[in-house]
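Note sheet for the following structure.
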Number of protein chains: 2
Amino acid sequence: MEDEVDRLVAAWRRERPDLDVEPLEVLSRVSRLARHLDRARRLAFAEHQLEPWEFDVLTALRRAGTPYQLSPGQLLTQTLVTSGTMTNRIDRLAKKGLVERLPDPSDRRGVLVRLTDTGRDRADQSLAGLLTQERAILGELSQAQRAELAGLLRQLTAPFDNIPG
Amino acid sequence: MEDEVDRLVAAWRRERPDLDVEPLEVLSRVSRLARHLDRARRLAFAEHQLEPWEFDVLTALRRAGTPYQLSPGQLLTQTLVTSGTMTNRIDRLAKKGLVERLPDPSDRRGVLVRLTDTGRDRADQSLAGLLTQERAILGELSQAQRAELAGLLRQLTAPFDNIPG
DNA sequence: CTCAAGTATCTTGACGTCGAGATATGCGAG
DNA sequence: CTCGCATATCTCGACGTCAAGATACTTGAG
């Protein structure tokens, strides 16, 4: 089956036959698919009265395990947002009673963000919903294909995640 | 090499051994990679005094071929933004002299957005820059792997692009 | 012809993000 | 000890996006 990127690449080959646009076959699909996923996630989370950004923060804390707390800095690297954004997110989540801010006992510059019981429940519920939806999207692929795809993507993400880029 | 998603998945398996989180191996990588790509693109375009959103609109028009014009509606489907956003983008690009708005001769509700000569040059220059950068990112993969990856991604994007989703 | 439903675009206000700078604390060389 | 640089977080203003609704035109059934 054809997709928008096939059409996009064909158009470039017609308009700029002098250029090799093959990189777009991979990277434009990544960007467009991410955009579609954002929309789908927004719908899935709406059932749990959560925004995608709230999910990202709550689940990062949930994954940390008991006592479900991380510094704002640790949350930054996991969610790929800037520090001003994270301050804002923590403020709003705290106002909703899903997280609380505690002073870091070992560094007086620092703060720890801790999941409340309510926040933990929300994280658990919405994760289950997300997985259900993602399985539907991946239904197109066999188990072997999913593993193949994950491996190829890892080769692209690893440099970003490891080198301080 | 390990990436952030490997760590994320390992954490979920520890915290929620009851859930099958395998879908995240693919889709979390897609979302995170897209985020890294956004940042990289922003840097690449800065050399041409262009924002990523400006590139998206200008190149959609450039790909259309002579006379480089499309309706706002056609631009929506290519760029995955809402109509209010596109109106705003066209306003700003017109103010910079990169596009111009013309009445649609065949439908008085409609408008055609046309690339100016300056806009066309900018689109061509920045596309070359983008491709150079994308080739560097894809350097991790062999030609065969890139083709494999593109094919797998197409299977995921095609349903979104074809069914009116 | 007429009118209702459909379509294309624009308007508006709320919202989340970014980037640069501010503040406060930690740490190592001398 | 102390000075200067590094680090952790927060503040603030500008900006881009979204969703919902408004406006203007088109189309087809009757």
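Order of the sequence lines fixes the chain letters, A, B, ..., with proteins taken first and strands second; residue numbering starts at 1 for each chain.
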Would you call [X]-[Y] a salt bridge at under 4.0 Å N-O?
X	Y	value
A/Glu54	A/Lys96	yes
A/Asp124	A/Arg120	yes
B/Glu25	A/Arg146	no
B/Arg42	B/Asp38	no

Side-chain donor/acceptor pairs under 3.5 Å, residues 127-140 of chain A, sequence neighbours excluded:
from: A/Thr132; atom 1: OG1; to: A/Ala128; atom 2: O; distance (Å): 3.1
from: A/Gln133; atom 1: NE2; to: A/Ala40; atom 2: O; distance (Å): 2.9
from: A/Arg135; atom 1: NH2; to: B/Asp20; atom 2: O; distance (Å): 2.7

Nearest-angstrom distance from the residue atom [atom1] of [X] to [atom2] of [N]:
X	N	atom1	atom2	result
B/Asp104	C/dT7	CG	C1'	13 Å
B/Asp56	D/dG16	CG	C1'	13 Å
B/Leu75	D/dT17	CG	C1'	16 Å
B/Asp107	C/dG6	CG	C1'	12 Å
B/Leu76	D/dT17	CG	P	12 Å
A/Met86	D/dA8	CE	C1'	14 Å

> Are A/Leu24 and B/Trp53 connected in the hydrophobic side-chain network, where two residues link if heavy atoms are under 4.5 Å apart?
Replying inline: yes

Can I get a per-line list of side-chain donor-acceptor pairs under 3.5 Å for residues 5-12 of chain A, giving both atom names and the distance, sequence neighbours left out?
from: A/Asp6; atom 1: OD1; to: A/Arg29; atom 2: NH2; distance (Å): 2.9
from: A/Asp6; atom 1: OD1; to: B/Arg154; atom 2: NE; distance (Å): 3.3
from: A/Asp6; atom 1: OD1; to: B/Arg154; atom 2: NH2; distance (Å): 2.9
from: A/Asp6; atom 1: OD2; to: A/Asp3; atom 2: N; distance (Å): 3.2
from: A/Asp6; atom 1: OD2; to: B/Arg154; atom 2: NE; distance (Å): 2.7
from: A/Arg7; atom 1: NE; to: A/Glu4; atom 2: OE2; distance (Å): 3.1
from: A/Arg7; atom 1: NH1; to: A/Glu2; atom 2: OE1; distance (Å): 3.4
from: A/Arg7; atom 1: NH2; to: A/Glu4; atom 2: OE2; distance (Å): 3.4

>> Given A/Phe160, which partner from the list B/Arg35, B/His36, B/Arg32 fulfils the side-chain contact (heavy atoms from CB on, under 4.5 Å) test?
In response: B/His36

>> A/Asp56 and side-chain contact (heavy atoms from CB on, under 4.5 Å): which single residue from A/Gln78, A/Glu51, A/Arg41 fits?
In response: A/Arg41

> When you check every protein heavy atom under 4.0 Å of nucleotides 11-18 of chain C, what one-letter string (B, S, -) results, 5' to 3'?
Replying inline: B----SBB

Pairs under 3.5 Å (N/O, protein and nucleotides 22-24 of chain D):
none

>> Tell me the closest heavy-atom pair linking A/Pro105 and A/Leu112, and the distance in Å.
In response: CD-CD1, 4.1 Å

> Bend angle of the helix from C/dC1-D/dG30 to C/dG30-D/dC1 from five-pair axes at both ends, rounded to 10°?
Replying inline: 20°

>> Tell me every residue that passes ring pair (Phe, Tyr, Trp, His ring centres under 6.0 Å) with A/Phe45, counting only those two or more places apart in sequence or in another chain.
In response: A/Phe55

